[in-house]
Amino acid sequence: MKFRKSEILFFALRNTKLRIGVFIVALFAFLAIFGPYFAKYEPQDFAGPGYNPPSGEYWLGTTTFGRDVFSQFVYGLRSTFLVGFVGGSIATFIGLFVGFLSGYKGGLADELLMMFTNIVLVIPTMALLIILAAYLKYRGVFLESVFIGFTAWPWTARAVRSQTLSLKTREFVNLARITGMKPLKIIVVEILPNMLSYVFMVFILQFGGAILTAATLDFIGLGPTQGISLGLMMQQAVLWNAIQLGMWWWAVPPGIAITAIVGAMYFMNTGLDEVFNPKLREM
Amino acid sequence: MGKYLKRKIIIYLLTFFFAVTIDWVIPRFMPGDPIRTLLSRAAMRTEAMDLLYNYYNKVFSLDLPLWKQYVNFWVSLFKGDLGTSVYLFPSPVFEVIKRAVPYDILLLVPAILLSWIAGNKFGAFAARKKRLDNTILPIWYVITATPYMWLGILLAWVFGVVLGIFPISGAYSFSMSPSLSWEFIWDYLKHWILPFGSLFIVQLGGWAIGMRNMIIYELESEYSRYMEAMGAPAKLIRKYAFRNAVLPQITGLALQLGVIVAGALATEVVFSYPGIGYLLLQGILNGDYFLIQGCFLFIILGVLIANFFIDIIYVIVDPRVRRGMSGETA
Amino acid sequence: MIELKDITKVYSLGAFGKRKLTAVDNVSFSIGEGKIISLIGESGSGKTTIGKMMLKLIPITKGQILFQGKDLSLFKGEKLKEYYRYVQGVFQDPFSSFNPIFKADRIFELVKSEFFPELTGREWQIHVLDALESVGLNPKTVLNKFPHQLSGGQLQRMLIARALLLDTKFLVADEIISMLDASTRIDVLNILAELKKGGLSILFITHDLSLGYYISDESIILYRGSVMEAGKTEKVFSTPLHPYTRMLLDAVPRIDRKWTTFEIPERKAVGSDTIGMCKYYDRCPLATKECEAQGLIKVEEDHHVACWRWNDV
Amino acid sequence: MALKIKDLRIYYQTLRGDVKAVDGISFQVKDGEIMGLAGESGCGKSTLSNALILLKPPMKYISGEVFLNDKKLPIDNYEAMRANRFRGVSIIPQYAMNALNPIRKLKQIISDLLEHHGESFVKMRDMIEERLKLVELDEKVLDLYPIELSGGMNQRMVMVISTLLNPSLLLADEITSALDVSSQKAVSKMIVEFRDRKIVRSVIFVTHDISILYQVADSIMIMYTGKQVERAPTETIVKNPLHPYTKLLISSLPEVGIKYSQAPLKGIPGRPPELLNPPEGCRFKDRCPVASEKCDEEPPLVEIEPGHQVACWKVGAIDD
């Protein structure tokens, strides 16, 4: 127990799940950042003849309309990471805020906040987004991320609340109170630092969740009206019968990327859990 | 126990109220004239356009005071009047959705229940041995990270296009019409299996992971240790732990419903399966506002009812709730 | 110094606070300067609740607490901070009193930043070293360490030192040695006794009668939220008048005397809340139908008992 | 002889190496004896008692032998030990208040546990009800869930369950620590009664509280950092301790009748050494007021008089 910090680092570096997860995410992040510089065409440009399978010129082939799939893919990856980051951050933040407030304040504030949380929890996120998206004329990737963030927080709020409740009973919170500290300061200075590892794990899950939600949203036609995303690519592929026509290079890569990124995120999460929670460590 | 259910029912009623209100508020408080917005996005012939303009005007009745608009909205809702579809003009939305719902139920209910049961069994099984756990766990993660529609695309491509075993579009062949004949049922099942498969497989991963984590936690618990100290065989300890681990999985099922429904919508789109998801896509592509709204309300209603059933089951299996000891809150 | 007047605490439990639980029922006592008072009772007697109310960690349902003549409910915001300058507490669990992810001496830093922001680091360091010395700690062994690197006894002493950094006049010590090892607990008690000589008043909360006897001037025996017996420690212990006090004294495991019998009046999960009857009614060997709830009777100077049959015993 | 332990070593595996929690312990417990096992936290008393029934990682068996009723107890063989658990050795664990699955009915739990030892709940029902009376529980609790009982009632329920098969050895691990005086007395009474009624043959009563042991134990063994320092009949340990550690420990106990203002007591200065790399020789030497160079060598456990063993070079060297 003595070398707490270095011990955690030791386990983090040694944990295979964490290492694999980080590697995969980093790989795709690299593609998202630098891929567009290698892409020869703009994603919506007509790059050449349609129905082209992958070749030296069109690395991932072309679509029915002759757009370059590789360009769409790397730009789409960017949107994916943007959605994950923005949506995940917003959801994590709201979840933390509501959870802390509800758990620390207790009483009526807690009752009301939890009732609201439960209501948002039961309403299918997708349904809410459908109504919102149906009325917006122009939607960008960023706006989509914000919507996702604003609907994905309830489970985080509930989890953070129960963690706060248990931390609140620890005497160091009482000690901070008789040191004359204000509630907000106690939350930030005493409670939050104890939950950093947990918050980080929540963020990873929200990151992955936002990506999946965005992909689904795009797929059923509620995605961004401008720009490209992996979900939109899949939607286009299905709409223009890419499957029936055997154009696997159009329909398959976006899904592989999403699955790999989100799967790697979940994997990282389990790895981190083992790092932070000694009970789960492999001896 | 009565208190627990009462509390839940209040939440559900509030949720429904909240959802309907959102449904009413959004078109009215968006910038611009909602009717113009809707019409501009509806792809249709001009003669229908005038008809529709008048119709919308009547339904939205923007000249009335707000509270009256709101009351009218609820009144027509209770009459089952969800407006008229633009996409399938002039069918009432209620009728359109009513035709779609059975396909959803027959697809979703088996997919959800079977994947839940199988996921729990597999998850508990894999947690038994460290080696087994380490090999299977990555597979679960990949499966659960797969977007529903993409798995649908893969299945359609492999089984429909490459192998050509299953049809990949619609709920039954064009040449058929729904009847209770063996021939139809067989045809229906052939169309059903791929959408079912993609829903089943993706969910399976999530449940298996959930069960694995919960049962590992339960096996570490003090009651498991005590049983071990009393010489109880591993099988009995696992049986006890499983029962405890299933409880949060039931709650998890309620929490996941929304996500599952979203996945189902997307899956239906892949397979042009005539459920609500497919309708919704058409509604969106055609700017059919009333259809979208109707789908929205139906989805919410469905999720709420399912949630309620799950609550009743929860009360039956968890003595903490049954005997009025808090247990799971709200 | 500090006075409790008819303090009552009712907890609301369940959804929207429908169930009520009276944890403290009309308790009054006062603590003079330089006195140690023991608050003794079984678990659920409300002793910790009283301590928390005196530290303003939980609100009072009914009654008044006066600190140097001023009503505690008037202390809010900056005034409350001033209150904590004089009134401090140390809690039962030393490990939970420290935030596990920070170094243990951070508790001193927090006192500085909240109360003495104007002092320089060096000036403050001198104060800290002084305080550590008066609780018998070697700065080298406790500063710059994480809580898990220190023993429970060292941590509790640091918490007492922390209180000394302020102008603490009254200290609530809530079961502060119950989680310490036998070899170190007595030293912590001795520190409290030494501090008392310097004028500090202490409320010593415990379930262990021998500890109460060892250190306190006065003792209060609490049962289910009510005072059963109170007075000078020697009087309460040498001539216990309440059947409950006697039962407790008999139950204390001692190393100079073996229990004569193992019999003990059974404790019900939920006591008989027969309205108006003595709270100890259902366990009392002497109970009669006339045993109504009883206020404290003054038997002699510094000795009060809440039993009308004290004389029959 | 109910229990005989020879040179038992149980280590804890940690990242930084083995923690020598039980380091060469030998002792015996007679039929009908309640042996108190006392020491400060971290002295290995809980490890010792847990190793006798459920030895699993991170606990590691190093060496030593255990005999129960003159038969070797295979504590290092998890599977072979299974048949001995409950019937041969049983435990009332420290966590007894949470030891029962909260969502199973008590009779279900009992019947499942019994079944795998070839007994039946139905056949034993009368006896179970009798035992419940012994611990002052109503037979109706059998139809309840553990969550419906208080912590104390759960503990007493565990006391009943753990002793149902009349084990030869009962391990009572810190069962009075979380209780107040009146409940401590009630629980102690039950343990003594189990022994008196021959429900259990012998008991190891693990606690840090010597004054409780004085009330219930026949003999007391004092442990310090993985070693036994002294073992003697209860009266001897309390009235005539020989090891400096025992002496200091006993003299630091406050009692009713002792006041700071009249006779201040003293604790033991310092902290026990880490068990990862314990110092050579006597492990108490750094805190011992009478230590000398001799103590750099490990003192053997010597029988001073029948039933009284001490591990100290200086036995008798400090006067009271």
Side-chain angles (χ1 to χ4, degrees), chain A residues 16-17 20 114-115 117-137 154-155 208-209 212-213 215-217 219-222 231 234-235 237-238 242-246 248 251-252 254-256 258-267 270 273 279-280 282, chain B residues 11-12 14-15 18-19 22-23 26-27 30 34 37 41 130 137-138 141-142 144-151 153-154 156-157 160-162 168 209 213 216 220 254-255 257-259 261-263 265-266 269-270 277 280-281 283-285 287 289 292-293 295-296 299-300 303-304 307 329-330:
Chain A
T16 325
K17 295 187 184 101
I20 293 177
M114 275 303 112
M115 188 162 267
T117 304
N118 285 327
I119 287 174
V120 182
L121 195 68
V122 186
I123 294 185
T125 310
M126 196 57 60
L128 210 58
L129 291 171
I130 287 165
I131 288 293
L132 273 171
Y135 271 92
L136 285 173
K137 239 182 190 153
W155 69 262
L212 276 183
T213 308
T216 313
L217 207 55
F219 190 77
I220 53 178
L222 293 166
M234 279 193 269
Q235 187 210 19
V238 169
I243 313 167
Q244 284 86 338
L245 298 169
W248 55 268
V252 173
I256 288 185
I258 292 178
T259 307
I261 295 171
V262 177
M265 290 269 172
Y266 291 163
F267 225 58
T270 316
D273 201 14
K279 260 192 177 173
L280 300 175
E282 300 161 43
Chain B
I11 296 255
Y12 296 147
L14 272 174
T15 308
F18 184 71
I22 284 188
D23 202 5
I26 285 177
M30 282 283 176
T37 313
R41 295 172 67 189
K130 198 88 213 170
L137 193 65
Y141 276 113
V142 171
T144 193
T146 313
Y148 286 95
M149 58 277 180
W150 186 63
L151 187 68
I153 290 173
L154 276 191
W157 182 52
V161 177
V162 178
I168 57 171
I209 292 170
N213 293 343
I216 286 179
E220 297 270 335
L255 296 184
L257 276 181
V259 178
V261 166
L265 301 183
V269 169
V270 174
L280 192 65
L281 179 76
I284 291 164
L285 291 179
Y289 171 70
I292 300 175
Q293 188 191 48
C295 292
F296 171 79
I299 292 170
I300 293 209
V303 170
L304 288 181
N307 255 298
T329 50

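Below, chains carry the letters A, B, ... as their sequence lines are ordered, and counting in each starts from 1. Side-chain atoms are counted along with the backbone in the values below, which use heavy atoms only and exclude waters and symmetry mates.
Minimum heavy-atom separation, A:Met234 to A:Ala251: CG-O, 4.2 Å. Residues B:Ala19 and B:Ile300 share a closest heavy-atom pair of CB-CD1, 3.3 Å. When all heavy atoms of B:Pro147 and A:Gly255 are compared, the closest pair comes out as CD-O, 4.5 Å. Nearest heavy-atom pair across B:Leu280 and B:Cys295 is CD1-CB, 3.5 Å.
Among the candidates B:Val162, B:Ile209, B:Leu257, B:Val269, the residue making the largest number of heavy-atom pairs closer than 4.5 Å to chain A is B:Val269. The candidate with the highest count of non-hydrogen atom pairs below 4.5 Å against chain A, out of B:Val259, B:Val161, B:Ile153, is B:Ile153. Heavy-atom pairs under 4.5 Å with chain B were tallied for A:Leu121, A:Thr216, A:Leu245; the largest tally goes to A:Thr216. Top candidate by heavy-atom pairs under 4.5 Å with chain A, chosen from B:Phe18, B:Phe296, B:Tyr12, is B:Phe296. Top candidate by heavy-atom pairs under 4.5 Å with chain A, chosen from B:Val261, B:Ile22, B:Asn213, B:Val270, is B:Val270.
Heavy atoms of B:Ile168 lying under 4.5 Å from chain A belong exclusively to its side chain. Both the backbone and the side chain of A:Ile256 have a heavy atom closer than 4.5 Å to some heavy atom of chain B. For B:Tyr148, no part lies under 4.5 angstrom from a heavy atom of chain A. At a 4.5 Å heavy-atom cutoff, the contact between B:Val142 and chain A is made by backbone and side-chain atoms alike. Heavy atoms of B:Leu265 lying under 4.5 Å from chain A belong to its backbone as well as its side chain. Both the backbone and the side chain of A:Val252 come within less than 4.5 Å of a heavy atom in chain B. For B:Leu154, the part lying near chain A is the side chain, with the backbone staying farther off; criterion is any non-hydrogen pair under 4.5 Å. For B:Val303, the part lying under 4.5 angstrom from a heavy atom of chain A is the side chain only. Looking at A:Leu212, only its side chain comes within 4.5 Å of chain B, counting heavy atoms on both sides.
By the side chain to side chain donor-acceptor pair (under 3.5 Å) test, A:Tyr266 pairs with no residue at all, sequence neighbours left out. For A:Ala215, the side-chain contact (heavy atoms from CB on, under 4.5 Å) test picks out A:Ile258, B:Met149, with sequence neighbours left out.
Atom CG in B:Leu14 sits 4.5 Å away from atom CD1 in A:Ile119 (nearest 0.5 Å). For the atom pair CZ (A:Phe267) and OG1 (A:Thr16), the distance works out to 8.5 Å, reported to the nearest 0.5 Å. Note: A:Met265 CE to B:Tyr141 OH = 14.0 Å, rounded to the nearest 0.5 Å.
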